[in-house]
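Ligands are counted one by one from 1 in listed order, and the atoms in each one are counted from 1 as well. Because the structure is predicted, anything quoted here is derived from the model rather than measured.
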Amino acid sequence: MNTVLKEFDNNAADEAAVILKNGGLVAFPTETVYGLGANGLDVTAVKKIFEAKGRPQDNPLILHISNMDMLNSLVTDVPENALKLAESFWPGPLTIVFNKTETVPLETSGGLNTVAIRFPANKAALSIISKAGLPIAAPSANTSGKPSPTQANHVYYDLNGRVDLIIDGGSCTYGLESTIIDITENIPCLLRPGAVTKEMIEEVIGEISVDKCISHAVAGEKPKAPGMLYTHYSPLADLVIVLGDYIATVKKINALALNEQCKTGILATQQTINMYDKNKFVVLSVGDRDKKDTIAANLFNTLRKFDYYGVSKIYAEGFSEEGLGMAIMNRLKKAAGYNMINC
Ligand code: TXA
Ligand code: MG
């Protein structure tokens, strides 16, 4: 398949919509990460997503909508909590899990009776979805297991030849996938942390529960979002997170890295980048410790850069889990296969 790459404009969105309506695959930007889109109601089109990504069939897809009317045919009911969340955070980086109607194929929902719905805020995404007039199934547009793409060139690198069209809309604002909340249970449950934080959700609907698997691997327990089970976000190198006060962390990382015989990368921050020897190690800043949104926005791109530099080992500074830190550390821990050292 010949993959075409186009900058977002009205004509490109028209073209994307035609491809989607005809059962093809289009990668497009959202405010979180790039998505690999197909008609979410067309079983043949949905199967192409799984093939292109090498994604396990039992990992359900999120359906993306561009207005509230699209929701009605997809979900059995919209509970009060969901309505409050939608009013507060849609369009935006929040995915809500509902009970699904028969309109949603089991291939899309990974065999579940629930369906995850997201109303994105990105203008390219909204334009493409509304022109197609269809709920668009879109997982992150990476090869399964790789860090999610936050730039069109990441998508091209992973999926060239496996997608009809890539729409380039620049870098994604948030850089981490949407928050997922399941409101089908009595107490709503956070399945994946993201830019809409637990604290922000609780301000709107009161206390929620958090899937245990978000912060650590729990032996014998499966995460409630099937996709959180798989190895994810991994760079090619072995990644180890060093946790602690950041001055102690820098000391520890320097000592560990000096002992390595292989090409070694260090995931640093603006505050610490000059505390490592750039002649010995590949040192990259992921952002500003005091502005977690900069770390979220750069995390996946930085992990991909280490692949590009060909390092075999990476030591990463850890972050506090408050607010957006929960989402950052969730992705970093998964990238590290929960390989962490305290100092
Ligand atoms: O920000 C995002 O959500 C991006 C952009 C493209 O919108 N999409 C995204 O999709 O991250 P994906 O497929 O990479 O991750 C979706 C996650 C998976 O972990 C999947 O298992 C979970 O959502 N999920 C989907 N439907 C679900 C359901 N009905 N119940 C529980 N988890 C579900
Ligand atoms: Mg993904």
Side-chain angles (χ1 to χ4, degrees), residues 26-38 40 46 49-50 52-66 74-76 89-101 104-122 124-126 128-129 135-150 154-155 158-159 167 169 172-185 188-196 211 213-214 222-234 296 300 327 330-331 334-335:
V26 177
F28 60 87
T30 81
E31 72 278 27
T32 57
V33 300
Y34 274 73
L36 174 62
V46 162
I49 291 182
F50 287 92
K53 275 186 64 99
R55 180 183 178 102
Q57 300 274 345
D58 61 351
N59 189 2
L61 303 172
I62 297 174
L63 285 181
H64 295 67
I65 58 174
S66 57
L74 308 173
V75 307
T76 57
F89 301 115
W90 278 1
L94 178 72
T95 296
I96 306 176
V97 175
F98 295 88
N99 287 312
K100 79 170 194 72
T101 60
V104 179
L106 287 166
E107 283 77 1
T108 299
S109 72
L112 300 176
N113 291 321
T114 54
V115 63
I117 309 276
R118 173 156 133 70
F119 185 165
N122 176 281
L126 286 173
I128 292 166
I129 301 163
I136 301 299
S140 49
N142 50 292
T143 306
S144 221
K146 287 277 132 206
S148 294
T150 55
H154 299 159
V155 181
D158 277 15
L159 297 178
I167 299 289
C172 300
T173 313
Y174 294 108
L176 298 180
E177 307 84 348
S178 61
T179 306
I180 304 178
I181 183 149
D182 183 346
I183 49 86
T184 64
E185 303 196 19
C189 184
L190 186 73
L191 305 189
R192 181 173 74 181
V196 175
D211 186 0
C213 300
I214 282 179
K222 280 189 186 169
K224 292 182 175 145
M228 302 290 276
L229 175 69
Y230 308 107
T231 317
H232 238 86
Y233 317 120
S234 308
F300 290 145
N330 167 260
R331 306 313 193 273
K334 285 179 72 77

I'd like to check L191 versus C189 (side-chain heavy atoms, cut-off strictly below 4.5 Å). Are they in contact?
yes
Selected option - heavy-atom contact closest to atom 15 (O) of ligand 1, from E177, K224, R192, R118:
R192
Is R55 touching ligand 1 with its side chain, its backbone, both, or neither, if touching means heavy atoms under 4.0 Å apart?
side chain
Closest to atom 10 (O) of ligand 1 (judged by heavy-atom distance), picking from P139, G194, P223, S109:
P139
Heavy-atom nearest neighbour of atom 8 (N) of ligand 1 within options A138, G227, G35:
A138
What atoms of ligand 1 come within less than 4.0 Å of a heavy atom belonging to P226?
21 (O), 31 (C), 32 (N)
Among D211, I62, L176, which one has a heavy atom closest to atom 16 (C) of ligand 1?
I62
Protein contact of atom 4 (C) of ligand 1 - nearest heavy atom, named by residue and atom, plus distance
V33 CG2, 3.8 Å
Parallel, tilted or perpendicular for H64 and F28, by the 30°/60° rule?
perpendicular
For atom 2 (C) of ligand 1, tell me which residue out of A27, S178, P149, A137 has the closest non-hydrogen atom.
S178
Heavy atoms only: give me the nearest P29-A125 pair and the separation to one decimal.
O-CB, 3.4 Å
Should I117 and I96 count as side-chain neighbours, where that means a heavy-atom distance under 4.5 Å?
no
Nearest-neighbour protein heavy atom for atom 20 (C) of ligand 1, which is reported as residue plus atom name and distance:
N59 OD1, 3.2 Å
For side-chain hydrogen bond (donor to acceptor under 3.5 Å, both in side chains), just list the numbers for T30 and R118, CA-CA rounded to whole Å, side-chain angles, deciding distance to a tenth of an Å, and then say yes or no.
CA-CA 11 Å; T30 81; R118 173 156 133 70; 2.9 Å; yes
In terms of side-chain heavy atoms, does T32 have a donor or acceptor partner in S178 at a distance below 3.5 Å?
no
Counting from 1 in the order shown, the ligand 1 atoms closer than 4.0 Å to a non-hydrogen atom of T114 are 28 (C), 29 (N), 30 (N)
If we only count heavy atoms from C-beta on, is the C213 to K222 side-chain gap below 4.5 Å?
no
Does H64 approach ligand 1 within less than 4.0 angstrom via side chain, backbone, both or neither, non-hydrogen atoms only?
side chain
Which residues and atoms, counting only protein N, O or S, are under 2.8 Å from the Mg ion (ligand 2)?
S140 OG
Quick one: do the S140 and E177 side chains pair a donor with an acceptor below 3.5 Å?
no
Looking at CG of L63 and OG1 of T108, how far apart are the two atoms once the value is rounded to the nearest 0.5 Å?
6.0 Å
So, for L176 and A327, which heavy atoms are closest and what is the spacing to 0.1 Å?
CD1-CB, 3.8 Å
So which protein heavy atom does atom 14 (O) of ligand 1 come closest to, and at what separation?
S140 OG, 3.0 Å
Give yes if a backbone or side-chain nitrogen or oxygen of T32 is under 3.5 Å from a nitrogen or oxygen of ligand 1, and no if not.
yes
Non-hydrogen atoms of L36 and A52 that approach each other most closely:
CD2-CB, 4.1 Å
Under 3.5 Å, side chain of N330 to main-chain N/O of I214, donor-acceptor pair present?
yes
How far is atom 32 (N) of ligand 1 from its nearest protein heavy atom, and which residue and atom name does that atom have?
A225 CA, 3.4 Å
Tell me, which protein residue and heavy-atom name are nearest atom 23 (O) of ligand 1, and how many Å apart are they?
I180 CD1, 3.1 Å
Write out the residue and atom name of the closest protein heavy atom to atom 33 (C) of ligand 1, then the distance separating them to 0.1 Å.
P60 CG, 3.6 Å
Under-4.0 Å heavy-atom contact with ligand 1, by part of L112 that carries it
side chain
Shortest non-hydrogen contact between K146 and S234, atoms and distance
NZ-O, 3.2 Å
Going by the order shown, which atoms of ligand 1 are within less than 4.0 Å of some heavy atom of A116?
25 (C), 26 (N), 27 (C), 29 (N)
Region of D182 engaging ligand 1 - heavy atom pairs below 4.0 Å:
neither
If you round to the nearest 0.5 Å, how far is OG1 of T184 from CZ of F98?
10.5 Å
NZ-CZ distance between K334 and R192, expressed to the nearest 0.5 angstrom:
10.0 Å
